[in-house]
Amino acid sequence: MCLLSACKRKHVPVDAVPELGYPSCGAGDGGAAITVGSGHLRSGPYSQEKNVVERFELERTPCGYTFRSRQEWPLDISDVEVHYDANLAPLWVWKRMTIAGTTRPDGNADTRRYDLRTGEVFIKRRVASGEVFREKLLPGGRMTVPEGARVGAVVGPGRGVITAWLKRARLPVGGKTRELVLDFRDMFETLEMAALERNPDRVEPPPGRILRVYTFFGRETVFADDNDVVVGDLAGMRASDSLPTPEPEPLPTFGGADPVRTP
């Protein structure tokens with residue numbers, strides 16, 4: 001019997017993946033990007049994982065939305081960029097994972113691109129050795145995927161990326177929706193039907209702030225403000241300005257994120 005995580009993996013090697021270029025607005029789509037959500041989260045006193053810091057921003061552009069984030073913790077650094085259409089359906093995803101303690105100038109980077117624009121999910125991955133892998137990701141899990149279903153949400157490192165899913169769903173209290181979800185947090189990605197549910201609101205201790213409560217995958221819970229921007233989670237991540245402890249020292253950027261030219 002295979003492990004549950006292994007049973008979900010359906011990575012099919014391919015000789016080539018679509019090379020559609022970096023997503024950008026057309027010449028006639030002028031106008032500046034507008035920030036519709038941002039956050040600065042870090043692990044609170046009850047977090048199992050210590051010294052985690054996340055910054056994220058979601059912008060509305062003339063041709064859709066763009067999400068960018070950086071999550072730092074001592075064992076791993078993740079830089080992420082996601083492009084969405086005007087309905088907040090994901091079209092293109094980029095992730096770079098680096099190692100804080102390495103002496104290599106590139107951070108031992110593992111860089112991946114997920115192109116969803118054809119309706120399927122294609123992965124291009126460059127590992128630290130420079131070797132490039134190309135794969136097609138097929139749905140896994142036990143839930144039947146409707147014929148013709150396209151990815152409607154993505155889940156990546158950190159919690160900020162869930163903001164786009166919340167804004168897309170616009171659920172009332174008690175509401176529930178299912179989407180085909182690309183989860184690219186782990187070394188082996190998954191693609192499966194998953195649920196997002198809005199639970200009763202939560203009243204924080206004084207000054208009595210009301211937070212929206214959402215559960216996804218039936219087991220992970222995040223808190224959001226009244227604009228559906230994620231502000232924390234049940235595992236202990238909190239808004240940085242709500243914590244009395246000092247923020248950890250920043251980790252190396254290894255040249256900064258370069259989603260246009262990598263992998």
Side-chain angles (χ1 to χ4, degrees), residues 35-60 65-82 84 88 90 93 95 97 153-177 179 181-186 194-251:
T35 300
V36 296
S38 63
H40 178 190
L41 310 178
R42 54 191 176 99
S43 48
Y46 304 110
S47 297
Q48 290 186 347
E49 296 175 345
K50 305 300 182 183
N51 298 320
V52 180
V53 180
E54 176 188 0
R55 288 178 172 85
F56 67 87
E57 183 174 66
L58 178 66
E59 295 181 329
R60 184 170 68 244
Y65 293 81
T66 302
F67 172 87
R68 297 182 180 91
S69 72
R70 178 176 173 86
Q71 184 194 57
E72 298 180 355
W73 68 300
L75 298 181
D76 178 75
I77 304 167
S78 295
D79 295 288
V80 170
E81 183 170 316
V82 185
Y84 301 85
L88 282 165
V93 181
K95 179 178 73 167
M97 296 179 292
V154 297
V155 176
R159 293 307 197 186
V161 71
I162 305 298
T163 296
W165 193 0
L166 305 186
K167 287 182 173 290
R168 173 175 165 84
R170 295 186 293 181
L171 294 176
V173 174
K176 188 174 184 178
T177 187
E179 295 273 17
V181 177
L182 168 64
D183 185 346
F184 62 98
R185 290 176 289 185
D186 297 330
L196 173 69
E197 184 173 8
R198 183 172 171 187
N199 310 120
D201 292 344
R202 167 188 175 120
V203 180
E204 289 281 86
R209 183 185 185 192
I210 297 176
L211 299 179
R212 297 179 180 182
V213 182
Y214 293 90
T215 298
F216 61 98
F217 290 175
R219 63 185 182 274
E220 300 183 53
T221 299
V222 296
F223 307 132
D225 63 17
D226 54 9
N227 291 314
D228 278 331
V229 177
V230 172
V231 295
D233 70 5
L234 192 60
M237 292 294 287
R238 295 291 182 268
S240 180
D241 60 9
S242 71
L243 298 173
T245 53
E247 184 170 344
E249 289 295 319
L251 297 180

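Positions are given from 1 along the sequence. All values below come from the heavy atoms of this structure, side chains included, with hydrogens, waters and symmetry mates left out.
Here the closest heavy-atom approach between residue Trp165 and residue Ala195 is recorded as CH2-O, 4.0 Å. The two residues Pro248 and Asn51 have their closest heavy-atom pair at CG-OD1, 3.7 Å. A pairwise comparison of heavy atoms in Val231 and Arg209 identifies CG1-NH2, 3.9 Å as the closest pair. Val155 and Ile162 get closest at one heavy-atom pair: CG2-CD1, 3.9 Å. Closest approach of Phe67 and Val161 over heavy atoms only: CZ-N, 3.3 Å. The two atoms that bring Pro157 and Lys95 nearest to each other are CG-CD, 3.9 Å, heavy atoms only.
Under a 3.5 Å cut-off, the side chain of Arg198 and the backbone N or O of Leu171 do form a donor-acceptor pair. The closest donor-acceptor contact from the side chain of Arg185 to the backbone of Asp183 lies at 3.5 Å or more, if one exists at all. In this structure a side-chain-to-backbone donor-acceptor pair under 3.5 Å is missing from Asn227 to Val229. With Thr163 contributing its side chain and Val230 its backbone, the two residues share a donor-acceptor pair below 3.5 Å. With hydrogens and angles ignored, the 3.5 Å screen pairs a side-chain donor or acceptor of Glu54 with a backbone N or O of Arg159.
Put simply, the side chain of Tyr84 reaches to within 4.5 Å of the side chain of Val154, judged on heavy atoms. For the pair Arg70 and Val53, the minimum side-chain heavy-atom distance is 4.5 Å or more. Between Glu179 and Leu196, every side-chain heavy-atom pair lies at or beyond the 4.5 Å cut-off. Put simply, the side chain of Val52 reaches to within 4.5 Å of the side chain of Met237, judged on heavy atoms. His40 is not listed as a side-chain neighbour of Asp241, based on a closest heavy-atom distance of 4.5 Å or more.
When each of Leu234, Leu211, Asp233, Thr215 is tested with Val222 by the rule side chain to side chain contact (heavy atoms under 4.5 Å, CB included), just one qualifies, namely Asp233. For the side chain to side chain contact (heavy atoms under 4.5 Å, CB included) with Val82, the lone residue among Leu182, Val93, Leu58, Leu88 that qualifies is Val93. A salt bridge (charged side-chain N to carboxylate O under 4.0 Å, His left out) with Asp228 is found for exactly one of Lys167, Arg212, Arg170, namely Arg212.
Annotation: Ile210, atom CD1; neighbour count of heavy atoms from other residues, nucleotides and ligands within 6.0 Å does not exceed 12.
Atoms OH and CG, on Tyr214 and Leu166 in that order, are 5.5 Å from each other to the nearest 0.5 Å. Atom CD of Glu249 sits about 10.5 Å away from atom CD of Glu72, to the nearest 0.5 Å. Between the OG atom of Ser240 and the CZ atom of Arg42 there is a distance of 3.5 Å, given to the nearest 0.5 Å. Residue Asp79 holds its CG atom at 7.5 Å from OG of Ser69, rounded to the nearest 0.5 Å. To the nearest 0.5 Å, atom CD of residue Glu59 and atom OG of residue Ser38 are 10.0 Å apart.
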Q: Using the side chain to side chain contact (heavy atoms under 4.5 Å, CB included) rule, take Phe56 and Val80 through it: C-alpha gap first, then chi angles, then the decisive distance, then the call.
A: CA-CA 9 Å; Phe56 67 87; Val80 170; over 6 Å; no

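Remark: the Arg168 side chain and the Thr177 side chain contain no N/O donor-acceptor pair separated by less than 3.5 Å. The closest side-chain donor-acceptor pair between Ser43 and Glu49, if any, does not fall under 3.5 angstrom.
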